Asker: 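My questions all concern the structure below.
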Amino acid sequence: MEHQHIFIEGKDKNAPTLLLLHGTGGNEKDLLPLAEMIDPEASILGVRGNVEENGMPRFFRRLREGVFDEEDLKRRTNDLNDFIEDMSKEYGFDRNHVVAIGYSNGANIAGSLLYHYQDALKGAILFHAMVPLKNFQLPSLDGIPVFIGAGKNDPLIPMDETQELAEELRKSGAAVEEFWTNGGHQLTREEVEKANAWYKTNMI
Ligand code: MLT
């Protein structure tokens, strides 16, 4: 399945390709400034979600706020995984060296890629993410570095939801680092700076 997307070839061929996944109502270019802050030399694949909710792009359907259409999420996760594979052939980047940067709905589908596949992502930065699927058997994610940025006062995501996500990933072997601000659902500069430091230690 096709996605609207943007690919920018980076100067550093040894750097990972950054997979950018926007929040509800965003697009493939939304997180470009974040990629610039995290690794200005890396190649970038920015993707737009194929689902529309009142004209707002998303990566999968939800039944209501915070309640996901799990069957749709599973199917779209599979589609996104195939799409990354196709794009790696089209643009010539290493499929096995992709790091996701996702915010909100985009972080949730990035989380779902980790929930489904052992080798979809080399690492992930999940800003304001939820548990993508409940009672789900994760693959072994041995040593995969994951950064989770969250707000203690996020009105959409209770703290224990993010903590459950972190625990599930850890139980499957991922090396999870959590960073909490006192903020809400909006992304803060503080978190991005922390993610940047985490990336330098763990991803390059
Ligand atoms: C979701 O539906 O993925 C979450 O509720 C976050 C969002 O509002 O996009």
Side-chain angles (χ1 to χ4, degrees), residues 1-10 15-40 42-117 120-133 146-149 156-157 165 185-187 191-192 195 199:
M1 159 85 73
E2 257 303 312
H3 279 271
Q4 294 248 50
H5 66 278
I6 179 170
F7 180 77
I8 302 172
E9 191 167 334
T17 294
L18 302 178
L19 171 71
L20 307 183
L21 303 167
H22 62 80
T24 300
N27 64 46
E28 65 278 17
K29 295 185 180 152
D30 261 21
L31 303 191
L32 289 177
L34 278 187
E36 175 67 30
M37 287 173 75
I38 286 170
D39 190 346
S43 295
I44 290 167
L45 178 65
V47 181
R48 187 186 302 191
N50 276 336
V51 168
E52 286 219 344
E53 185 185 87
N54 305 321
M56 295 188 295
R58 290 176 49 84
F59 288 95
F60 56 90
R61 293 186 199 288
R62 61 181 164 183
L63 305 176
R64 54 179 185 278
E65 200 169 277
V67 183
F68 302 155
D69 178 336
E70 294 203 346
E71 287 317 305
D72 189 65
L73 173 54
K74 288 177 190 166
R75 186 163 68 80
R76 308 248 177 215
T77 302
N78 186 48
D79 285 352
L80 180 59
N81 196 43
D82 289 348
F83 178 75
I84 303 166
E85 171 90 35
D86 292 349
M87 293 301 100
S88 71
K89 290 183 187 135
E90 182 159 338
Y91 296 115
F93 63 82
D94 181 355
R95 172 66 191 92
N96 295 317
H97 203 192
V98 174
V99 174
I101 304 178
Y103 167 66
S104 191
N105 183 244
N108 293 338
I109 196 147
S112 183
L113 280 171
L114 291 168
Y115 266 45
H116 280 85
Y117 308 107
L121 301 172
K122 198 83 182 170
I125 297 177
L126 309 178
F127 290 121
H128 302 244
M130 300 170 72
V131 175
L133 295 151
V146 179
F147 176 91
I148 296 183
L156 295 178
I157 311 174
L165 171 67
H185 197 60
Q186 217 151 341
L187 195 56
E191 281 172 88
V192 180
Y199 178 89

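Note that the structure is predicted; figures quoted are calculated from it, not measured.
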Asker: Going by atom type alone, with no hydrogens or angles, which donor-acceptor pairs under 3.5 Å involve a side-chain atom of residues 16-25 and a protein atom two or more places apart or on another chain?
Answerer:
| unit_1 | atom_1 | unit_2 | atom_2 | d |
| --- | --- | --- | --- | --- |
| His22 | NE2 | Gly49 | N | 3.0 |
| Thr24 | OG1 | Arg58 | NH1 | 2.9 |

Asker: Could you label the plane-to-plane angle of the Tyr103 and His185 rings as parallel, tilted or perpendicular, counting under 30° as parallel and over 60° as perpendicular?
Answerer: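 Tyr103 vs His185 ring planes: tilted.
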
Asker: Please round to the nearest 0.5 Å and tell me the distance separating atom CG of Asp79 and atom CD of Glu2.
Answerer: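 If I round to the nearest 0.5 Å, the distance is 11.0 Å.
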
Asker: Nearest heavy-atom pair of Ser43 and Gly10: which atoms, and what distance?
Answerer: OG-N, 2.8 Å

Asker: Going from CG on Leu34 to CG on Asp39, what distance comes out if it is rounded to the nearest 0.5 angstrom?
Answerer: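 Those atoms lie 12.5 Å apart.
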
Asker: Do the non-hydrogen side-chain atoms of Leu121 and Val99 ever get within less than 4.5 Å of each other?
Answerer: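 No, too far: nothing below the 4.5 Å cut-off.
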
Asker: Can you find a heavy atom in the side chain of Tyr115 that is under 4.5 Å from one in the side chain of Val131?
Answerer: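 Side-chain contact under 4.5 Å: yes.
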
Asker: If the condition is side chain to side chain contact (heavy atoms under 4.5 Å, CB included), which residues does Asn81 pass it with, not counting sequence neighbours?
Answerer: Arg95, Leu113, Tyr117, Ala120

Asker: Asn108 side chain to Met130 main-chain N or O, any donor-acceptor pair under 3.5 Å?
Answerer: yes

Asker: Stepwise, does the side-chain contact (heavy atoms from CB on, under 4.5 Å) test hold for Asn27 with Gln4?
Answerer: CA-CA 9 Å; Asn27 64 46; Gln4 294 248 50; over 6 Å; no

Asker: Listing request: all salt bridge (charged side-chain N to carboxylate O under 4.0 Å, His left out) pairs with a residue in residues 80-89, at least two apart in sequence or in separate chains.
Answerer: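 Output for this query lists Glu85-Lys89.
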
Asker: Would you give the length of the straight line joining atom CD1 of Ile8 to atom CG of Leu45, rounded to the nearest 0.5 angstrom?
Answerer: 10.0 Å

Asker: How long is the straight-line distance from CZ of Phe68 back to CG of Asn105, given to the nearest 0.5 Å?
Answerer: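 Asn105 atom CG to Phe68 atom CZ measures 7.0 Å (nearest 0.5 Å).
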
Asker: Would you sort out whether Phe127 and Glu191 count as a side-chain contact (heavy atoms from CB on, under 4.5 Å), showing the intermediate values?
Answerer: CA-CA 8 Å; Phe127 290 121; Glu191 281 172 88; 3.6 Å; yes

Asker: Report the relative orientation of the aromatic rings in Phe7 and Phe93; use parallel for angles under 30°, tilted for 30 to 60°, perpendicular for over 60°.
Answerer: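 Phe7 vs Phe93 ring planes: parallel.
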
Asker: As an exercise, state the distance from CG of Leu114 to CG of Leu126, rounded to the nearest 0.5 Å.
Answerer: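 Here the rounded value is 6.5 Å.
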
Asker: Check whether any side-chain N or O of His5 sits under 3.5 Å from a backbone N or O of Gly46 as a donor-acceptor pair, and report yes or no.
Answerer: no

Asker: Got a second to check how far Leu80's CG is from Arg75's CZ, nearest 0.5 Å?
Answerer: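 Reported value, rounded in 0.5 Å steps: 13.0 Å.
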
Asker: Near Lys29 NZ, under 6.0 Å, is it more than 12 heavy atoms from other residues, nucleotides or ligands?
Answerer: no

Asker: Between Gln186 and His128, does any side-chain donor sit less than 3.5 Å from a side-chain acceptor?
Answerer: no

Asker: Would you check, one step at a time, whether the test side-chain contact (heavy atoms from CB on, under 4.5 Å) holds for Ile6 with Glu28?
Answerer: CA-CA 6 Å; Ile6 179 170; Glu28 65 278 17; 3.9 Å; yes

Asker: Determine, stepwise, if the pair Asp69 / Leu73 fulfils side-chain contact (heavy atoms from CB on, under 4.5 Å).
Answerer: CA-CA 6 Å; Asp69 178 336; Leu73 173 54; over 6 Å; no

